[in-house]
2 protein chains.
Amino acid sequence: MVMQYPAPANENDAKDDIVRAAAELFMNYGYSATSIDAIAEKLGATKGRIYHYYRSKSQIFFDIQRAAMTRLFEEVDPIARARLQPAEKLPLMAKAHLSLLIRDMPIQKVAVQGLEKYLFEAEGFRHAKTLAEINQLRDDYEQLFAEVIDAGTREGVFVKGSPRILTKPFFGAMNWATVWYRPRRTQSEDDIEMICSSLVDFAMRGLLVDKGGLHEAGG
Amino acid sequence: MVMQYPAPANENDAKDDIVRAAAELFMNYGYSATSIDAIAEKLGATKGRIYHYYRSKSQIFFDIQRAAMTRLFEEVDPIARARLQPAEKLPLMAKAHLSLLIRDMPIQKVAVQGLEKYLFEAEGFRHAKTLAEINQLRDDYEQLFAEVIDAGTREGVFVKGSPRILTKPFFGAMNWATVWYRPRRTQSEDDIEMICSSLVDFAMRGLLVDKGGLHEAGG
DNA sequence: GGAATTACATACCTATGAGTATGGTTCTTC
DNA sequence: GAAGAACCATACTCATAGGTATGTAATTCC
């Protein structure tokens, strides 16, 4: 029988295909309820292909986390390094963050919600190192936002409060989209932009101190 | 062998014990990764006990949802019915909502995050009726908040925008606690109150229009 | 152009876990 | 106090799914 493999060019692409397929199933059914066979079927292949690139199901999960954090950093870190005031910089970061969340929902949802992460923690030392690595990435990423929030607080443009406790609802307003958002066919690119802007605006108002601006009366 | 059953008084209490134990495991490990045996072990019993009260694992899951929504309604609905201005009523509702979330985390987390709900949707008609019932409860509950937000918007005390899209980040700021919050031994009741207040304040600022209050100059 | 390696498919092993069948013990009811 | 019901443990069935072992076509390398 003549078998032709689509040939994903190189190993990285092949793994990326697996990661994408797995993330989509993890997002909908959870990690445990998703079988390797189901992932393979989504790729039009069998288990053999997956186990050729990954030694276990958990390794796929960890690669999803790494992929998600890598992409978030790529989008947000450059903005975080820009020379801008906190009140200007933060919404740009938030916009980039949220845009990626929505556009890359399967992978990002698995990462930000940390689906069933306690599964691996319970396994003890086996994945301790990998888990520490992932947590470090997540902490570093949160830190990008926490620092800007802290700076804004000290400048007096953001409300007072520990950056730790302010960062949580800030992310919450945006990340909660991974729980409620469902893509619609009737939704254009502009619609998505509108939603993103609304959520970012909400999150920013949560931080900004009342500026006492004159009532820009009525429209 | 003399066997003594703790005898949970009546059937409702017995089911409630099961629901609590199951919720705690679902919260940490997810629905699929939690076995009936594990739930039984947490109760110091075996499967026999659980299958005496529940016909299937999924029925436990649905009972968790119902229990969560029932409690939320009990706490929030009375406040929603009170004769108060939106700007006064909403933070009280939010406080009650969040307090219950944190105090009843296992059950509430399973409910608000809808863990692996797609599992049951994929099963087609089998649980269609129950799923419709649960979704209805959730929608009704969200509606309590959406109406107050809508009223506030029309009065001009809350920012303009569809209540639909404003409700999401409002819940997000609070419900995200089910993702990041972990109880600490060093945390007193007052600490929890502080966290709740901070999150509610954040969420309210996300809605309130800039009042132009005079700078209550600096602390 | 033959050998080794890559890139899978197929077949198989095994543990787990949902659900059932059955049996025994306590409680209730008459 | 006997019969039934309620309550629960134990033993079993069976499907699923993670992982492995093996076979085989394509590719690469010498």
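Quick note: numbers below take in every heavy atom, side chains included, and nothing from hydrogens, waters or symmetry partners. Within every chain, numbering begins at 1; the chains are lettered A, B, ... in the order of the sequence lines, protein sequences first and strands thereafter. Note that the structure is a prediction, hence the values are computed from the model and not measured.
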Scan nucleotides 16-20 of chain D against the protein and return all N/O pairs shorter than 3.5 Å with their distances rounded to 0.1 Å.
residue	atom	partner	partner atom	Å
D/dG18	OP1	A/T34	O	3.2
D/dG18	OP1	A/K57	NZ	2.9
D/dG18	OP2	A/I36	N	2.8
D/dG18	N7	A/K47	NZ	3.0
D/dG19	OP2	A/Y51	OH	3.3
D/dG19	OP2	A/K57	N	3.1
D/dG19	N7	A/K47	NZ	2.9
D/dG19	O6	A/K47	NZ	2.5

Just the rounded figure in Å: distance from P of C/dT26 to CZ of B/R49. 16 Å
Starting at CD of B/Q59 and ending at C1' of C/dA18, how long is that distance when rounded to a whole Å? 14 Å
In residues 177-185 of chain A, what donor-acceptor pairs under 3.5 Å come from side-chain atoms, sequence neighbours left out?
residue	atom	partner	partner atom	Å
A/T178	OG1	A/Q113	NE2	3.0
A/T178	OG1	A/N175	O	2.6
A/Y181	OH	A/Q187	OE1	3.0

Any donor-acceptor pair under 3.5 Å from [X] side chain to [Y] backbone:
X      : Y      : answer
A/E116 : A/S32  : yes
A/R138 : A/A111 : yes
B/K42  : B/L25  : no
B/K89  : B/A80  : yes

Can you tell me which nucleotide in D/dA9, C/dT10, C/dA7 comes closest to the side chain of B/T46? D/dA9
Is there a side-chain contact between B/Y53 and the phosphate of D/dC8, meaning an N or O under 4.0 Å from OP1 or OP2? yes
Presence of A/H52 side-chain N/O under 4.0 Å of C/dC8 phosphate oxygens OP1/OP2: no
Students should find that the end-to-end axis angle of the helix from C/dG1-D/dC30 to C/dC30-D/dG1, with five pairs defining each axis and rounding to 10 degrees, is 10°
Are A/Y54 and A/F61 close enough that their ring centers fall under 6.0 Å? no
Assess, by modelled atom type and distance only, whether the side chains of B/D77 and B/Y141 contain a donor and an acceptor separated by less than 3.5 Å. no
Flag yes if more than 12 heavy atoms outside B/E41 fall under 6.0 Å of its CD atom; otherwise flag no. no
